[in-house]
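Structure, as structure tokens:
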Amino acid sequence: MLRRVKGADLVGMRYQRLFDYIPCSEDEAGKICVVLPAEFVSTEDGTGIVHIAPAYGADDLEAGQAHGLPVMHGVGLDGMFRPEVTPVAGMFFKEADPVLIRELKGRGLMYRSEKVLHNYPFGWRTGDPLIYYAKEAWYIRTTERRERLVELNNTINWVPDYIREGRFGNWLENNVDWALSRERFWGTPLPVWTDGEGNYQCVGSLAELEALCGRELKELDLHRPAVDEITFEHPETGRTFRRVPEVIDCWFDSGAMSYAQWHWPFENHDTFEKHFPADYICEAIDQTRGWFYTLHAIATLVSDSVAYRNVICLSHIVDKDGRKMSKSQGNIINPYDVFDSTGADPLRWYFLARVPADGQKRISVDIISDVAAGFLNTFWNTYAFFVTYANLDEVDLNAQVPLEKRPEIDRWVLALLSETVRRATEALDAFDSKTAGELIESFVDQLSNWYVRRNRRRFWKSEMGQDKLAAYLTLYECLVTVNRLMAPFMPFITEAVHRNLVTAAMKDAPLSVHMESWPEPNPAYENPQLLAETAVVQKVVSLGRSARSESGHRVRQPLGRMLVRVPDNAAAESVNGHLGQILEELNVKALEFIARDAELVTYRIKPNLPRIGKRYGKLIPAIREALVQADGTSIATSVNQGQPITIQAGGQDITLEPEDLLVETASAQGYSSAEEGGFLVALDTTLTPQLEREGLARELVRSVQEARKQAGLNISDRIRLYLGGSQGVQETLGEYREFIASETLTSHWDETAPLTGNGGEAGPDSAGPYSVEHSLGEESWSITLSRQD
RNA sequence: GGGCCUGUAGCUCAGUUGGUUAGAGCGCACCCCUGAUAAGGGUGAGGUCGAACGUUCAACUCGUUCCAGGCCCA
């Protein structure tokens, strides 16, 4: 080592040419073998000095062009060294390294040789190492319209929107001229003819070419090789023009789709005007440099217009571990396996409604099956419920029941339906199918688990009154409408439902759900207040279930009373207005509100941070602490009365308005209770003899129903029943005989047990009575029943 | 190497301008219901929000760096 220098000090220095097999002019010789600065060379590996070859790499070429370096070729287009490079003549370029290293060592020019791991391009099909080779090519000078490309892009609605400014916007701002030509056999021939002397003629149409060559070409296949046979002589110079050998980048064909699909500008002008620009295009993220770009570039250049107004940009499907799927990895999911096992509809629903469009989609058969087992199954069962009973009742679905004549729960579900239609349509208008899907799933859940579950008895009733008809019409409208909402997501199942529910039942109905118009919200149905009230009811019921679960009392056992605390007066009114529903859901006799200052409630006071956070800044921790220490009950009382409070924090008095505070209740002691979001529900679990008898009555009904099922009876069969047992059972029977009889379709009571009971032997075809014994706690009873024809 | 995106419960995903105890479905455990029954429902457990540092009274949220995965370039 002679001395250390900075790289910058080397810039401009000349060095001796290592190999001089390729001749160069005197002018060129004066420019080569000089140290140049460049940004693309890193000091991470090696010396920080690299030898560049402008003929073999874009960075090298760019640096070379910036400093006037010549493009000199030592390697031929076949990838082999040229004959003049004698030590490696005819050798594949990638195999020449050892020979060249040996050569340099032999001449004493090699300081050190070592291996460095780095990325290198390989052909994706054959795996052969590639070489970047500077060549002449045809370009479209897109850079001349770069600003217009950016401007027009800013008018496109991108979903997700960050692609417009980000990935796609960056790509346009860094636009380089479009390398148009390809040296292949297949492809659209580049329509340029040349005389080989630097004169070129671009031919714009078949007619133009016919005129030039004086031949009829309509029957000719205008691809290679036939098109290359077409030559013409220049009218003035008399030179023969032949087509250049290149074809056009096939991506140009893709981008020309807007025009080529209508054979514009040669015909179909009206059709083209009608369809251009496109409303919508959907492709994956990799197409920002592909189809999204080629369409945009050509439309900008040809029409000074966007090619599409809206674009949804998806991400790719990956495997369950988030890895790219590839055949060699074996982590591929065959879509046909999903079609065969789970179905195409759940697959579609998963992609449209369960994962965000711009997120990578992890997919496995189990994940798709979840759609079928969950949401779709709920929908199908609700549909099946309707079909089962509607067929039994032969309902006239063309009948009418005015909205105001329908019970509140019907108006509730129709309000929810209308809101769902409105919000799902808004989401889809914004190209957000996931939100639309979530709204639909939520509606189907409410329809099944609240509307149908709470209304089952209306469908069982034997007489077809207005109430029963209203139930049918309401459920029918919900199913038919939500089915239409679901149709674009799940075209097959919705079609089956539609044909059965609509095409078969309604005259003049469209044959297919896909021929229906899109549902519209019905302003007459909208009822935000009823929706809010029902949400409160569901909240209280949910907390009540939690409390009952904690209490250990089964739902069949009625309880005397429940205690409810609500956060505000509106919630109290909602509860009061729907007492029957709440009591029935929870099987409780009475509901009482807990007074706000009742002893069984303790309060926790917290600052309402979004309101006071910015106002008090660093005092917040002190305020928080002061509120913990303060008397919660008195603060709660002040808040309830709308009075401000004053506390000491950080050495000063701080006055807080009721809205600045959050009052939370702690659990009530001595009750089975649950609380959340200002609601508290407690159950009084004291059982009176009356409540116990009623619970037992329900237990008896249940055991008879079970016996009916075991005996193989149909749900509509009338029975002859003997029921007898212990003291409590007899007392209960005295009080609840009519109730039990009507619930179990008993048309004849046997006062004594028949002698012909045959235990569990009875089946659907058995004529004999069916007997069974039951016990619960201290009580026991026996049942014998038979079909009463 | 550069640009863009993603990372929240076992799994798939929500989580508004930073704000109070981070939610849902599935799965799991336990239970209920039995006239939607080869169904239906409830309750519960489960998370140091990829990691570290920083800004702030306060960070899943903002900033920087790093890690992992994806796409496009080089």
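Every chain is numbered from 1, with letters handed out A, B, ... down the list of sequences.
Across every strand in view, C4(B) sits in a pair with G70(B) that passes the Watson-Crick or G-U test at under 3.5 angstrom. The partner of A29(B) is U43(B), by the rule that a Watson-Crick or G-U pair needs both atom distances under 3.5 Å. As the counterpart of C57(B), G19(B) is assigned, both hydrogen-bonding distances of the Watson-Crick or G-U wobble pattern falling under 3.5 Å.
In this structure, Asn377(A) and Gly166(A) both approach RNA chain B, and ranking their closest nucleotides by distance from the 5' end singles out Gly166(A). Mapped onto RNA chain B by nearest heavy atom, Leu745(A) and Val355(A) fall at different nucleotides, with Val355(A) at the one closer to the 5' end.
Rounding to whole angstrom units, CH2 of residue Trp171(A) and P of C73(B) are separated by 7 Å. A39(B) atom C1' lies 10 Å from atom CZ of Arg456(A), rounded to whole Å. Atom OH of Tyr383(A) and atom C1' of G40(B) are 20 Å apart (whole Å). Rounded to whole angstrom, the span from the CZ atom of Phe379(A) across to the C1' atom of G40(B) amounts to 17 Å.
Between U34(B) and Arg708(A), no contact under 4.0 Å exists linking OP1 or OP2 to a side-chain N or O. For Arg289(A) and C73(B), the shortest distance from a side-chain N or O to OP1 or OP2 is not below 4.0 Å. Remark: Arg354(A) is not in phosphate contact with C13(B), judged by side-chain N or O atoms under 4.0 Å from OP1 or OP2. Taking side-chain N and O atoms only, Thr288(A) has no distance below 4.0 Å to OP1 or OP2 of C73(B). An OP1 or OP2 oxygen of G41(B) is reached within less than 4.0 angstrom by a side-chain nitrogen or oxygen of Asn449(A).
Side-chain atoms of Arg164(A) come within 3.5 Å of backbone N or O of Ile156(A) as a donor-acceptor pair.
Aromatic ring centres of Tyr139(A) and Trp178(A) lie farther apart than the 6.0 Å criterion allows.
In this model, no donor atom of one side chain and acceptor atom of the other lie less than 3.5 Å apart for Thr378(A) and Ser448(A). A donor and an acceptor atom, one from each side chain of Trp450(A) and Asp445(A), are nowhere located under 3.5 Å apart.
For the pair Arg545(A) and Leu586(A), the minimum side-chain heavy-atom distance is below 4.5 Å.
Note on Pro356(A): only backbone sugar-phosphate atoms sit closer than 4.0 angstrom, heavy atoms only; bases stay farther off.
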